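Written below as structure tokens is the structure these notes are about.
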There are 2 protein chains.
Amino acid sequence: MATGRNHRPATSRSRGIPEATVARLPLYLRALTALSERSVPTVSSEELASAAGVNSAKLRKDFSYLGSYGTRGVGYDVEYLVYQISRELGLTQDWPVVIVGIGNLGAALANYGGFASRGFRVAALIDADPSLAGKPVAGIPVQHTDELEKIISDNGVSIGVIATPAGAAQQVCDRLVAAGITSILNFAPTVLSVPEGVDVRKVDLSIELQILAFHEQRKAGEDLGGPPGRRPGEGVHPETDTAPPAAPPAAAVTKRPPEPGNDGDLPAVMPA
Amino acid sequence: MATGRNHRPATSRSRGIPEATVARLPLYLRALTALSERSVPTVSSEELASAAGVNSAKLRKDFSYLGSYGTRGVGYDVEYLVYQISRELGLTQDWPVVIVGIGNLGAALANYGGFASRGFRVAALIDADPSLAGKPVAGIPVQHTDELEKIISDNGVSIGVIATPAGAAQQVCDRLVAAGITSILNFAPTVLSVPEGVDVRKVDLSIELQILAFHEQRKAGEDLGGPPGRRPGEGVHPETDTAPPAAPPAAAVTKRPPEPGNDGDLPAVMPA
DNA sequence: CAATCTTTGTGCACGCGTTCACAAAGGCAT
DNA sequence: ATGCCTTTGTGAACGCGTGCACAAAGATTG
């Protein structure tokens with residue numbers, strides 16, 4: 001999952017709607033849209049929950065924050081619910097979006113159908129490379145970074161997507177914020193610092209893989225019949241073991257069994 | 001953030017390490033790697049927390065689950081911590097990964113440097129389109145879906161990335177699982193159902209934007225000086241208002257002020 | 001109209017995650 | 001060696017999110 005519930009005092013629950021619920025509304029909306037296309041008139045919380053991959057009690061509680069939109073003994077009216085959730089999420093209006101950084105990922109995002117289909121309109125593609133300027137990507141001509149401020153103010157854009165290399169992300173972010181952007185979706189592997197009032201959500205592909213690797217390793221370790229207790233300072237992975245740990249500070253060394261010191265590099269961990 | 005902490009009894013905390021902590025370890029690792037490149041020998045929890053964008057108390061508690069790797073009065077040894085976290089995440093070994101669905105997004109993923117740099121090796125690219133077969137993407141020839149099972153078993157792949165259209169995702173998922181994949185990173189906008197023991201993490205670009213839109217709308221609404229209380233059944237968005245809500249079930253209608261019924265479509269919400 | 005059946009909406013309890021705040025631990029200067 | 005200063009590691013309190021379980025509400029049937 002894209003992590004990104006940062007900065008924003010735990011009391012974030014906007015308008016009494018818990019953050020966790022907001023994050024699930026798009027899920028419900030998608031399931032409801034699918035039902036709507038099949039002309040299904042009503043759904044029970046059980047059916048809809050199953051389609052959205054959540055618990056039915058959770059779903060009912062989520063909807064209770066929006067209001068009483070169901071009918072006991074029957075369920076929820078699909079069309080009506082689609083509208084209510086869309087309205088709550090702000091999808092009944094058009095959101096112009098700019099994408100900055102038209103590399104492989106930026107181009108893929110520009111072509112991604114899921115944006116346009118949910119009320120998001122790609123207003124502009126921006127890149128720092130002059131040779132890209134004017135070239136159409138997904139039918140939209142790429143514009144140079146110099147135009148950034150003008151594009152944003154002219155189009156009244158409030159949502160920006162950053163798909164630049166990590167090194168350029170903070171700088172781009174600063175310019176976006178200065179130009180009036182108040183919501184940022186960041187694909188660059190960096191922590192962005194933004195002023196109060198600006199929302200940042202982060203999608204990091206490699207982080208997701210690393211989390212999977214953790215669980216994968218654990219599964220493999222359990223298969224080997226290792227004891228449940230963790231063994232700090234001792235490798236859990238069966239084979240493919242790499243260089244021993246670098247030398248910890250003196251005090252820590254004395255605490256641990258003296259492993260063969262070898263300040264080698266760590267092949268698996270390279271610069272981003 | 002990519003949501004994806006599904007299915008897995010709340011007692012998921014693998015080996016005593018809380019899920020929330022695991023999700024932050026890659027963040028710490030990235031910050032530490034950057035410090036390592038600058039040859040910084042030690043960091044305090046305060047400095048590292050700031051670099052990773054988290055609270056220092058949280059960071060210390062996170063590290064406490066791994067063991068006592070710090071030195072009081074000094075801080076943490078950068079190199080040592082890099083190794084310990086890498087080992088905990090399972091990054092000291094090589095993880096072959098297959099990417100299924102080589103469209104715009106799949107190609108972008110194949111080119112993404114963040115994978116290879118963290119111990120993940122793209123073992124194969126797979127697509128159902130025969131005309132793609134053999135064509136190199138990011139230096140790797142695309143193979144046809146028919147080879148899927150063979151590729152996975154031959155390479156001992158346990159992590160799969162799904163970047164296909166939504167319609168094909170579940171089918172691909174089933175084949176991956178049957179072939180031995182136990183961890184899946186899903187970019188398709190669908191809920192995947194998998195057997196027990198298979199981990200799925202989901203990255204949904206449009207969901208992230210929808211969550212941003214929610215907060216953006218709320219900001220705009222507050223600017224208009226509206227009262228803090230929510231007004232169910234009344235549009236909050238200033239202009240750009242679309243069709244009125246579809247007719248709710250009879251009972252619900254009586255509860256609400258009779259809005260002008262108009263079973264129109266909802267322009268902002270279209271099929272995925 | 002009354003009885004029954006279905007499904008919502010929610011009060012309540014529990015557990016995880018976050019944060020505070022401080023004692024313990026180690027470095028460093030004298 | 002002794003005392004001071006810095007920073008870790010963690011006990012404890014708090015708040016959010018989840019799931020259970022049930023009463024209330026409405027549909028439906030006879």
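Per chain, numbering begins at 1; letters A, B, ... match sequence-line order. Computed from a predicted model, the values in this text were never measured in an experiment.
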If I take atom [atom1] in residue [X] and atom [atom2] in nucleotide [N], what distance separates them, rounded to the nearest angstrom?
X: A:I17; N: D:dC16; atom1: CD1; atom2: P; answer: 15 Å
X: A:R24; N: D:dC16; atom1: CZ; atom2: C1'; answer: 12 Å
X: B:L59; N: D:dT7; atom1: CG; atom2: P; answer: 14 Å
X: B:D62; N: C:dG17; atom1: CG; atom2: C1'; answer: 10 Å
X: A:L66; N: C:dT8; atom1: CG; atom2: P; answer: 15 Å
X: A:Y69; N: D:dG26; atom1: OH; atom2: P; answer: 17 Å
X: A:E47; N: C:dT7; atom1: CD; atom2: P; answer: 8 Å
X: B:D77; N: C:dG27; atom1: CG; atom2: P; answer: 13 Å

Partner residues of B:R24 under the salt bridge (Lys or Arg N to Asp or Glu O under 4.0 Å) criterion, sequence neighbours left out:
B:D62
Judged by each residue's nearest nucleotide on DNA chain C, which is more toward the 5′ side, A:E46 or B:V74?
A:E46
With respect to the side chain of B:P18, which nucleotide from D:dT8, C:dG17, C:dT18 is positioned closest?
C:dG17
Which nucleotide, D:dT18, C:dG9, D:dT10, lies nearest any side-chain atom of A:A20?
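Between D:dT18, C:dG9, D:dT10, the one nearest the side chain of A:A20 would be D:dT18.
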Do the side-chain N and O atoms of B:S206 and A:R118 include a donor-acceptor pair separated by under 3.5 angstrom?
no
Residue whose nearest DNA chain D nucleotide is more 5′ - A:T21 or B:G73:
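Mapping each residue to its closest nucleotide by heavy atoms, the 5'-most match is B:G73.
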Partners passing side-chain contact (heavy atoms from CB on, under 4.5 Å) against A:A49 (at least two apart in sequence or in another chain):
A:V54, A:S56, A:L59
Taking 4.0 Å as the cut-off, does a side-chain nitrogen or oxygen of A:S45 come that near to OP1 or OP2 on C:dT8?
yes
Any B:Y65 side-chain N or O less than 4.0 Å from OP1/OP2 of C:dC16:
no
Nearest heavy-atom pair of A:G53 and B:V191: which atoms, and what distance?
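Shortest heavy-atom separation between A:G53 and B:V191 comes out as CA-CG1, 3.9 Å.
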Check nucleotides 19-23 of chain D for protein N or O atoms closer than 3.5 Å to its own N or O atoms and list the pairs.
{"residue": "D:dG19", "atom": "OP2", "partner": "A:K58", "partner atom": "NZ", "Å": "3.3"}
{"residue": "D:dG19", "atom": "O6", "partner": "A:K61", "partner atom": "NZ", "Å": "2.8"}
{"residue": "D:dA21", "atom": "N6", "partner": "A:R60", "partner atom": "NH2", "Å": "3.4"}

A:F63: what forms a ring pair (Phe, Tyr, Trp, His ring centres under 6.0 Å) with it, not counting sequence neighbours?
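Ring pair (Phe, Tyr, Trp, His ring centres under 6.0 Å) check on A:F63 returns A:Y28, A:Y76.
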Once ring pair (Phe, Tyr, Trp, His ring centres under 6.0 Å) is applied, what residue pairs with a partner in residues 194-213 of chain A remain, sequence neighbours excluded?
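As it turns out, there is no ring pair (Phe, Tyr, Trp, His ring centres under 6.0 Å) pair with a partner in residues 194-213 of chain A once direct neighbours are skipped.
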Any pair with a residue in residues 45-59 of chain B that passes salt bridge (Lys or Arg N to Asp or Glu O under 4.0 Å), sequence neighbours left out, goes on the list, sorted by first then second residue, please.
none
